[in-house]
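Structure first, commentary second.
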Amino acid sequence: MEHAAYLGFIPPFLAITLALVTKDVIFSVFLGIASGALIHAGGDPFAALIHVTDLLADKVADEWNIRIFLFCGLLGGLVGLLSRAGSARAFGQWTAKFIQGRRSAQLFAWIMGILIFIDDYFNSLAVGSVMRPITDRRQVSRAKLAYILDSTAAPICILMPISSWVVTIISQIRGSAGFEELGMTEMSFFVRLIPYNLYALYALIMVFLISTTNRDFGPMADSERLAAEGIKLFNEEKYGPAPGQLDMHDDAKGAAWFDMVVPMVVLILACIVAFPLTTYMAAEEGETMALLDAFRNADASKALFYGIIFSLVVSYLYFLGRGILGIKMASEAIIDGVKSMVPALAILMLAWTIGHIISKPMSEGGLGLPLYIDELIRANSFPLWFLPFCVFAISCLIAFSTGTSWGTFGIMIPITLPTAMSLGKAQSLDPEGILHIALISVGAVLSGAVFGDHSSPISDTTILSSAGGGCPHLEHVATQFPYAIFVAFCSGVGIIVGGYTLSPLAAFIATSIIFFPGFMFITKKDPEGNPRFSGMSWRRSKD
């Protein structure tokens with residue numbers, strides 16, 4: 001048998017529960033990995049130990065993973081360079097002329113997150129590097145910055161036709177049984193999916209509302225209160241240390257605002273150029289390809305790695321040429337920056353490993369949890385209208401448990417698309433009806449995958465958003481989760497209505513009817529003018 005049945009739930013449950021109880025993510029995820037290895041080894045502790053060490057090495061040695069691993073570390077080096085040069089501080093002082101309050105600082109971070117849509121890793125880390133000195137200056141909590149990073153990274157990447165995410169999604173769509181019967185290209189199908197991707201759409205709307213109204217609730221309200229009152233930007237006592245922390249130095253003089261802008265523009269342009277470049281480099285001699293196709297087929301890990309190497313070299317020479325840093329000081333700054341990313345890199349390595357343990361079949365060293373869930377789906381019949389919500393809920397569970405939305409795409413899309421089409425034909429839907437049930441069902445998979453990836457403590461994008469925002473990982477998870485649950489609940493209602501009506505407009509209207517009044521209700525003011533909800537700590541801060 002290729003799965004361990006219900007035992008596959010033990011590693012993610014153990015890792016997530018222990019992380020919330022002990023506040024030690026690295027220890028908790030490692031125990032989750034160890035429990036999975038022990039189950040796979042049939043209770044043999046020696047075999048389990050060997051399995052864990054081999055998996056850790058294999059995950060880091062993976063061609064894709066090692067480039068992402070090095071990209072994150074070297075981006076920390078770039079941030080260290082900017083910090084030591086004083087350019088981050090200078091940029092924050094310059095932006096004070098334009099960003100006058102907490103609301104405008106949050107809105108600017110949201111806009112930056114929207115504009116950088118090529119890759120979620122790059123989005124979280126690059127935008128965090130730019131925005132952290134600005135939001136710190138305006139007393140926006142690190143938890144709020146991490147939330148904005150996380151809630152714009154994956155949602156915008158999955159909505160834009162040109163991103164590293166779309167390549168994975170359209171490849172799964174194209175390879176699904178029966179897709180050719182729809183009579184359209186996979187990219188056309190993806191574009192028509194966008195209105196049905198309710199969670200991603202409303203996650204972006206949620207960030208905009210939170211940023212412009214300064215209404216917060218749950219643990220986020222406490223973090224924002226501490227920051228707004230000048231007590232602390234993050235709660236190290238409660239949630240542990242923040243990754244990516246660097247001391248601000250005064251030994252470098254003469255930095256200006258553009259000394260922050262130039263390296264970041266170089267990084268953005270280098271990565272943008274590198275995306276199609278990786279495709280052209282891998283093409284056979286004499287093969288021609290349109291630029292758009294080159295973007296779609298790019299290797300994101302190579303593009304990001306090439307981009308950060310080029311940017312770090314250019315930035316190093318730039319600061320030497322400007323006379324702001326000497327050779328020794330610049331080298332020390334890069335090393336300090338890489339060191340600051342070690343906690344995030346450790347969590348990232350463990351997250352990849354536990355994802356393998358959970359998702360891969362027994363023959364490949366895992367517990368095959370997705371295969372077990374697949375069997376449960378196939379063993380039960382669902383009415384057509386309920387299929388979209390069912391796959392949404394299952395995708396939420398898989399992505400939350402494994403910490404990967406891409407893995408969820410690979411599991412659920414090949415199952416969902418042919419199932420939706422078969423059920424549509426069985427109920428004598430016309431071709432347009434079959435197309436719409438396929439769209440709403442696959443859109444529900446994407447929504448569930450983004451929610452699970454967005455809210456899971458072991459998700460790489462969640463981890464990198466914590467690092468990009470300089471926020472303790474558990475504080476980011478605890479403060480973001482209530483917001484993610486609210487958006488997921490509203491999206492679930494819209495998905496049910498969309499399944500009934502087979503109309504994206506009806507799904508959008510239903511979600512809006514729940515979302516906007518719900519948002520106002522949970523931040524409703526009491527007679528004294530303070531937001532409240534069920535006795536929790538709520539507040540509305542001033543801009």
Non-hydrogen side-chain atoms of Lys144 and Ile210 separated by less than 4.5 Å:
yes
Taking the six-membered ring where the residue is Trp, are the ring centres of Phe486 and Phe515 under 6.0 Å apart?
yes
Ignoring hydrogens and angles, tell me if any N or O in the side chain of His356 forms a donor-acceptor pair with the backbone of Glu364 under 3.5 Å.
yes
Rounded to the nearest 0.5 Å, how far does CG of Leu267 lie from CG of Leu304?
8.5 Å
Taking all non-hydrogen atoms of both residues into account, name the closest pair between Ala399 and Gly452 and its distance.
CB-CA, 3.6 Å
When the aromatic ring centroids of Phe234 and Tyr239 are compared, is their separation below 6.0 Å?
no
Give a yes or no answer on whether the side chain of Asn65 reaches the backbone of Lys59 with a donor-acceptor pair at less than 3.5 Å.
yes
Do Leu291 and Tyr280 make a side-chain contact, defined as non-hydrogen atoms from C-beta onward lying under 4.5 Å apart?
yes
So, for Phe519 and Phe516, is the gap between ring centers shorter than 6.0 Å?
no
Approximate separation, where rounding is to 0.5 Å, of Ile148 CD1 and Ser211 OG:
4.0 Å
Distance-only polar pair, side chains of Ser151 and His454, donor-acceptor under 3.5 Å:
yes
So the side-chain hydrogen bond (donor to acceptor under 3.5 Å, both in side chains) pairs with at least one residue in residues 503-521 (sequence neighbours excluded) are Tyr202-Ser512
Side chain to side chain contact (heavy atoms under 4.5 Å, CB included) assessment of Phe189 paired with Val442
CA-CA 10 Å; Phe189 186 86; Val442 176; 4.3 Å; yes
Please give me the minimum heavy-atom distance between Thr501 and Ala506, naming the atom from each residue.
OG1-CB, 3.3 Å
salt_bridge(Arg142, Glu475) N-O dist < 4.0 Å:
no
Would you check if the side chain of Thr353 reaches a backbone N or O of Met349 as a donor-acceptor pair within less than 3.5 Å?
yes
Minimum side-chain heavy-atom gap Leu82-Pro263 below 4.5 Å
yes
Search all heavy atoms of Cys471 against all heavy atoms of Ala146 and return the closest pair with its distance.
CB-CB, 4.0 Å
Roughly how far apart are Phe305 CZ and Leu74 CG, rounded to 0.5 Å?
6.0 Å
Rounded at 0.5 Å granularity, tell me how far CG in Leu464 sits from CZ in Phe71.
9.0 Å
Closest heavy-atom contact between Pro155 and Ala203?
CG-CB, 4.0 Å
Within a reach of under 6.0 Å around CD of Glu63, are more than 12 heavy atoms found that belong to other residues, nucleotides or ligands?
no
Any side-chain donor-acceptor pair under 3.5 Å between Tyr196 and His436?
yes
Does the plane of the ring in Phe451 sit parallel, tilted or perpendicular to the ring in Phe481? Use 30° and 60° as the thresholds.
tilted
At their closest point, which heavy atom of Ala274 faces which heavy atom of Ala303, and how far apart are they?
CB-O, 3.5 Å
Measure up the Trp385 and Tyr500 rings against each other and bin them: parallel (under 30°), tilted (30 to 60°), perpendicular (over 60°).
parallel
Side-chain contact test, heavy atoms from C-beta onward, threshold under 4.5 Å: evaluate it for Pro504 versus Ile194 and give yes or no.
no
With rounding to the nearest 0.5 Å, note down the distance linking CD1 in Ile440 to CD1 in Ile496.
10.5 Å
Note: Val450 and Ala154 closest approach over all heavy atoms is CG1-CB, 4.3 Å
If you apply the rule side chain to side chain contact (heavy atoms under 4.5 Å, CB included), what do you find for Glu181 with Ile434, and how did you get there?
CA-CA 10 Å; Glu181 297 177 23; Ile434 293 174; over 6 Å; no
Audit row: Met131, Val140, side chain to side chain contact (heavy atoms under 4.5 Å, CB included) steps and yes/no:
CA-CA 10 Å; Met131 290 305 306; Val140 176; over 6 Å; no
Measure from the side-chain N and O atoms of Thr479 to the backbone N and O of His476, and report whether any donor-acceptor pair falls under 3.5 Å.
yes
Sidechain-backbone polar pair: Gln106 side chain, Arg102 backbone, donor-acceptor under 3.5 Å:
yes
So does Ala105 get a backbone contact from the side chain of Trp110, meaning a donor-acceptor N/O pair under 3.5 Å?
no
Using a 3.5 Å distance criterion without hydrogens, assess whether the side chain of Thr462 forms a donor-acceptor pair with backbone atoms of Ser456.
yes
For the residue pair Leu107 and Ile111, establish whether any side-chain heavy-atom pair is separated by less than 4.5 Å.
yes
Close side-chain approach of Pro431 to Leu435, heavy-atom, < 4.5 Å
no
Are any of the side-chain heavy atoms of Leu159 and Leu204 separated by less than 4.5 Å?
yes
Do Leu367 and Phe9 have side chains that get closer than 4.5 Å, going by heavy atoms?
no
Once rounded to the nearest 0.5 Å, what's the spacing between atom CG of Leu350 and atom CD1 of Ile357?
11.5 Å
Stepwise side chain to side chain contact (heavy atoms under 4.5 Å, CB included) test for Ile509 and Ile513:
CA-CA 6 Å; Ile509 291 174; Ile513 289 173; 3.8 Å; yes
